[in-house]
Amino acid sequence: MSNDSESLIVTDNGNPRHIAIIMDGNGRWAKKRFMPRIIGHKAGVKTVKNLIDFCTAEKIEVLSLFAFSSENWRRPPEEVSLLMKLFITTLSSEIKKLNRKNVKLVCIGERSAFSNELQREIINGEKLTQNNDGLILVIAANYGGHWDIAQAANQVSTKIRTGILPNTLITEDLISQHISTASLPDPDLFIRTGGEERISNFLLWQLAYTEFYFTPILWPDFNSTALRQAIDSFKGRQRRFGRTGDQVIAKTNLL
Ligand code: IPE
Ligand code: IPE
Ligand code: MG
């Protein structure tokens, strides 16, 4: 994050510009109902649809959702396979609606591990919505924060080796410019549902100065009222970015 972007961290109504969410608790939601885990994942998709509408109405600029981590391949093969099918069916059934809602889809993560069919759906979805200027919906799939930093470093090193960039020190700015969300503001608000209080290798680089919010609510039960509560908690915080509280107040009074 550059110093310039600090003054732009909230929208006019005080909402965060970028909300990043670890959607956790689908499996436990299903287990509580004596149902298979995939039913929880399907219920989780409904939550996603509702929150996209809420974020659009609230003029949130970016909503980033952790859909599948680089570690989730360790799950039982049946669950992984059902999740992949759910991604394909959800993308193909929802993308036209998202387009009508002026949503721009951006997928981040190592997509070469996905089936050709899923890669095609992702490319088509991104292409169809690329010129939309409403909510930017970032789906992190086969994503890991470590992978993201490594891929940024690799891009920079390739550019230096091939003479596109001068052979100088690798700076923080250079990594930021090559991280998978380079064109977007860093998340202002990070939410994790499901009760765990960890990052699980989500946007490690980008979350450096993000406000964290944890809730025990399981993802399928996380509705717009719950998101509103998280946003209200965010609005009540003072973001200091290393400064003192008095400096922040003085700076706010100048605006
Ligand atoms: C999050 O819910 C969804 C994915 C990781 C795909 P979980 O499946 O992790 O649900 P719990 O944590 O087991 O309840
Ligand atoms: C994080 O949830 C990944 C997603 C929500 C996609 P997990 O349920 O996989 O995280 P851990 O393993 O409990 O940390
Ligand atoms: Mg989980």
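Just so you know, residue 1 is the first one in the sequence shown, and it goes up from there. Ligands are counted one by one from 1 in listed order, and the atoms in each one are counted from 1 as well.
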Residues Asp24 and Arg192 bridged, charged N to O under 4.0 Å: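 A salt bridge links Asp24 with Arg192.
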Contact (N/O only, under 3.5 Å) between Leu83 and ligand 1: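 In this structure, Leu83 places no N or O atom under 3.5 Å from an N or O of ligand 1.
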For [atom], what is the closest protein heavy atom, and at what distance to 0.1 Å?
| atom | answer |
| --- | --- |
| atom 1 (C) of ligand 2 | Ile22 CG2, 3.9 Å |
| atom 6 (C) of ligand 1 | Ala67 O, 3.3 Å |
| atom 14 (O) of ligand 2 | Ser200 OG, 2.6 Å |
| atom 13 (O) of ligand 2 | Arg198 NH2, 2.8 Å |
| atom 10 (O) of ligand 2 | Arg192 NH2, 3.2 Å |

Proximal candidate to atom 9 (O) of ligand 1 [heavy atom criterion; set Arg75, Glu79, Arg37]: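 Going through Arg75, Glu79, Arg37 one by one, Arg75 has the nearest heavy atom to atom 9 (O) of ligand 1.
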Minimum non-hydrogen distance to atom 8 (O) of ligand 2, winning option of Ile199, Ile21, Asp24: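 Among Ile199, Ile21, Asp24, the closest heavy atom to atom 8 (O) of ligand 2 comes from Asp24.
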Residues forming a side chain to side chain contact (heavy atoms under 4.5 Å, CB included) with Thr244, sequence neighbours excluded: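 Testing Thr244 for side chain to side chain contact (heavy atoms under 4.5 Å, CB included), a comparison that skips the adjacent residues, returns Asp246, Gln247.
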Under a 3.5 Å threshold, yes or no: a donor from one side chain and an acceptor from the other, between [X] and [Y]?
| X | Y | value |
| --- | --- | --- |
| Asn154 | Ser157 | no |
| Asp186 | Tyr209 | no |
| Ser224 | Arg228 | no |

Region of His41 that comes within reach of ligand 1 [heavy atoms, distance under 4.0 Å]: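 Near ligand 1, His41 shows its side chain, while the N, CA, C and O stay back.
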Asn72 contact mode with ligand 1 (heavy-atom cut-off under 4.0 Å):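 It is the side chain that gets close, since no backbone atom is under 4.0 Å.
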Region of Ala140 that comes within reach of ligand 2 [heavy atoms, distance under 4.0 Å]: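 Under 4.0 Å from ligand 2, Ala140 contributes no heavy atoms.
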[X] to ligand 1, any heavy atom closer than 4.0 Å:
| X | value |
| --- | --- |
| Gly40 | no |
| Gly194 | no |
| Glu196 | no |

Ligand 2 atoms in contact with Phe68 (distance to a heavy atom under 4.0 Å):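 Counting from 1, the qualifying ligand atoms are 6 (C).
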Numbered atoms and elements of ligand 2 in range of Phe66, under 4.0 angstrom, heavy atoms: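 That gives atoms 3 (C), 4 (C), 5 (C), 6 (C) of ligand 2.
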Distance filter under 4.0 Å to Arg28 heavy atoms, resulting ligand 1 atoms: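 Listed by number with element: 11 (P), 12 (O), 14 (O).
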For the Mg ion (ligand 3), every protein N/O/S atom that sits closer than 2.8 Å, waters excluded: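 Within the sphere that stays under 2.8 Å of the Mg ion (ligand 3), the protein atoms of type N, O or S are Asp24 OD1.
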